[in-house]
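Shown next, in structure tokens, is the structure this report addresses.
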Amino acid sequence: MSTLTIATLPKDELLAPGHRMCQGCGAAIVMRHLLKALGKDIIIAHATGCVEVTTTLYPETAWRVPWIHVAFENAAAVASGIEAAVKALKRKGFINPDKKIKVVAIGGDGGTADIGLQALSGMLERGHDVLYVLYDNEAYMNTGIQRSGATPMYAWTTTTPAGKVWRGEWRRKKDMISIAVAHKIPYAATVNFAYITDFYAKIRKAAEIEGPTFIHAFSPCVPGWRYEPHLTVKIAKLAVQTGIWVNYEVEKGVFRVTTPVPKRLPVEEYLKLQGRFAHLTREEIERVQRMVDEDVDYINKLAGTTVIGPVERK
Amino acid sequence: MGKVIPISGNYAVAYAAKAADVDVIAAYPITPQTAVVEKLSEFVANGELDAEFIHVESEHSALSAVVGASAVGARVFTATSAQGLLLMYEIMHIASTLRLPIVMGIAARAISAPINIWCDHSDFMAASDTGWIMFMAMNAQEAHDLVIAGFRIAEDPKVHLPVAVGYDGFLVSHTIEPVNIIERDEALKYAPKRVTWYTLNPDKPITLGPLASPDWYFEFRVQLQDAIEGAREVISNAFAEFAQHFGRKYGEVDAYYTDDADVVLVTMGSASGTALAYVEEARKEGVKVGLINVRLFRPFPEEFIAKHIENAKVVAVVDRAVNAGSSFVGPLYSDIAVTMFKRGFDIPVVNYITGLGGRAVLKDHIDHMVKHALSLVGKKMRDIKTHYAFVGVRE
């Protein structure tokens with residue numbers, strides 16, 4: 001594969017304009033580039049969620065590839081059936097056996113980490129040749145910003161409001177990619193579109209590997225995270241620069257950080273742009289910083305070297 | 001023609017899916033259906049059936065997976081019972097409105113609580129509002145035949161709907177009977193594979209399962225109603241051609257001695273066999289009783305039932321399920337009562353609920369019902385204080 005640069009990104013737009021995703025929506029950027037990276041020979045099974053409802057308001061659709069939505073918790077099961085059908089129909093001569101068709105399942109954090117976890121686990125464990133893409137906006141945004149298992153510590157949501165007793169979410173974010181890796185799948189990776197060539201390389205690698213692969217995509221949400229639409233990519237970049245999000249991959253059990261960060265920014269730089277963290281006290285921000293430091297230590301241990309450096313105070 | 005072998009209802013269903021040369025099977029074990037997935041696994045394991053078998057982690061995923069496979073154009077099969085069917089319930093509505101041909105076996109079983117693995121029709125009846133075409137087989141042969149007819153009906157371009165074939169848990173699923181097995185070539189001649197529905201194909205991309213606003217949702221649901229109503233003719237033709245191909249004649253209903261009967265019993269499933277044995281004996285003793293066995297439950301065969309109760313003085317509906325707190329109590333009763341109301345029948349129609357959770361339905365129970373029903377001859381519906389009774393229940 002030739003090295004991809006910003007100038008050589010594919011020109012085909014397989015996600016049509018005119019969809020109803022918000023201005024500045026992170027998921028819209030994820031989907032557009034996901035499709036560009038995958039090309040047209042795919043079939044998508046999509047879980048219920050923001051992207052599903054905003055791209056398919058009948059009689060219009062934004063999808064220029066075959067696409068099906070069945071329900072919230074079963075994208076992985078539907079994808080399993082599609083993959084099995086393609087295999088059987090190729091064998092029996094109903095589909096050209098030389099035709100390359102990649103089956104892709106897409107779900108948000110609610111549809112993946114919570115209600116769809118069982119179906120996902122089944123799909124990964126059974127070894128279906130399916131790429132599963134989790135677009136993680138860290139709450140149930142489609143129903144109006146309720147916490148999910150992927151909501152981070154202290155985040156305000158409508159079901160974890162910051163009040164006199166509650167300080168926003170009080171539990172740590174579920175580590176979905178470790179759950180995926182625990183199924184001994186051949187490839188799993190985190191992606192962040194602020195690092196677009198890394199994003200493309202991983203999507204393409206995940207699609208080319210036969211068997212179940214898992215991509216965890218960082219997906220900022222303007223109304224849910226409470227920031228101005230023009231800040232989406234900046235926030236995505238700060239997530240990596242502060243170490244609260246790490247771009248890495250696990251290929252056949254081998255862990256590798258793909259975006260090293262020699263000098264980290266304080267996590268406050270990331271938090272302060274988002275209204276969902278506006279209620280945090282100095283102590284709470286420091287607690288988040290300590291959690292990020294712990295997570296970075298763990299990543300460095302897995303990497304066997306310091307790929308994510310210490311915080312450099314201004 | 002095929003050969004006759006002694007097999008259970010579950011195996012009869014598995015043999016039918018094999019004869020139909022299904023491409024994808026997704027199923028999960030649950031008593032009393034489990035033997036279907038075991039047998040199908042064996043067929044695939046031995047290379048007797050070329051299919052993808054998906055060992056799903058739940059019934060919800062079983063139906064979801066066959067929905068996905070059907071959307072690609074594969075011939076698909078699943079089977080379940082009771083709690084498994086309830087777990088599928090959400091996806092059943094979606095399968096029918098997406099207009100995807102699927103055939104499912106339901107080994108009819110009681111619903112928890114208390115947990116009970118034995119026969120009644122609680123699960124089958126709970127699925128009756130999902131837009132599926134639904135049959136209830138009386139025995140293993142019928143279960144076998146209806147699965148094969150089911151593929152032909154489901155995949156008919158005028159239908160494109162999922163089909164459920166019910167058969168009584170244990171009473172049919174585990175009873176060994178001589179079954180005339182249809183072979184693959186014969187089955188495919190009768191129900192050829194021809195993909196006429198929309199499919200997910202990268203060369204012709206389509207969007208399936210979109211969001212529909214109040215501007216459009218209503219039309220989708222009306223199309224479902226039109227499709228299942230339109231299936232009546234296809235079902236009749238499928239039965240007629242089934243008789244030509246295989247020599248076994250099926251109707252939407254079976255009627256026995258209804259021309260001059262004072263009391264017409266209406267039953268479904270294996271209890272119809274018991275009721276028929278009773279009716280034949282009672283007739284010898286001069287009791288004017290007749291019987292309707294309801295084979296097709298959705299779309300409900302109103303015209304056929306109305307025709308066979310024209311001369312009745314009392315209609316006695318036997319249910320193996322309870323819709324607690326409803327005006328009708330027994331679900332089959334509700335369809336029969338509405339059928340009669342719409343046609344201006346002014347004779348008593350009463351409901352006997354029996355055989356819940358595997359309690360045996362005996363000829364004595366049928367006798368009790370018929371004697372009670374005979375006591376109502378000449379009355380009007382408005383004279384009857386309580387329209388239902390539980391038969392065979394502990395006092």
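The chains referred to below are lettered A, B, ... by the order of the sequence lines, with proteins before strands, and numbering in each begins at 1.
- Remark: of the listed residues Val103(A), Ile101(A), Val86(A), Val86(A) is the sole one forming a side chain to side chain contact (heavy atoms under 4.5 Å, CB included) with Val72(B).
- Once rounded to the nearest 0.5 Å, the distance linking CD of Glu57(B) with CZ of Arg126(A) reads 5.0 Å.
- With a threshold of 4.5 angstrom between heavy atoms, Asp50(B) approaches chain A through its backbone and through its side chain.
- To the nearest 0.5 Å, the span separating CG on Leu208(B) from CD1 on Ile44(A) amounts to 13.0 Å.
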- Please report the C-alpha distance between Val67(B) and Asn74(A) in whole Å, then the side-chain angles of each, then the deciding distance to 0.1 Å, and finally whether the side-chain contact (heavy atoms from CB on, under 4.5 Å) criterion is met. CA-CA 11 Å; Val67(B) 161; Asn74(A) 65 352; over 6 Å; no
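- Val53(A) touches chain B through backbone and side chain together, each having a heavy atom under 4.5 Å away.
- Interface residue Phe220(B): only side-chain heavy atoms are found under 4.5 Å from chain A.
- Only the side chain of Ala71(B) comes within contact range of chain A, judged by heavy atoms closer than 4.5 Å.
- The nearest pair of heavy atoms linking Ala71(A) to Ile94(B) is CB-CD1, 4.0 Å.
- For a residue to count as touching a neighbouring chain, one of its non-hydrogen atoms must lie under 4.5 Å from one of that chain's; by this rule Asp21(B) touches chain A with backbone and side chain alike.
- Contacts of Ala119(A) with chain B are made by both backbone and side-chain atoms, with heavy-atom separations under 4.5 Å.
- For Ser64(B) (side chain) and Val78(A) (main-chain N/O), no donor-acceptor pair under 3.5 Å exists by modelled atom type.
- For the atom pair OG1 (Thr207(B)) and NE2 (His46(A)), the distance works out to 10.5 Å, reported to the nearest 0.5 Å.
- The part of His128(A) that comes within reach of chain B is its side chain, from C-beta onward, which places non-hydrogen atoms under 4.5 angstrom from that chain.
- One distance of note links CG of Leu100(B) with CD1 of Ile68(A); it measures 6.0 Å at 0.5 Å rounding.
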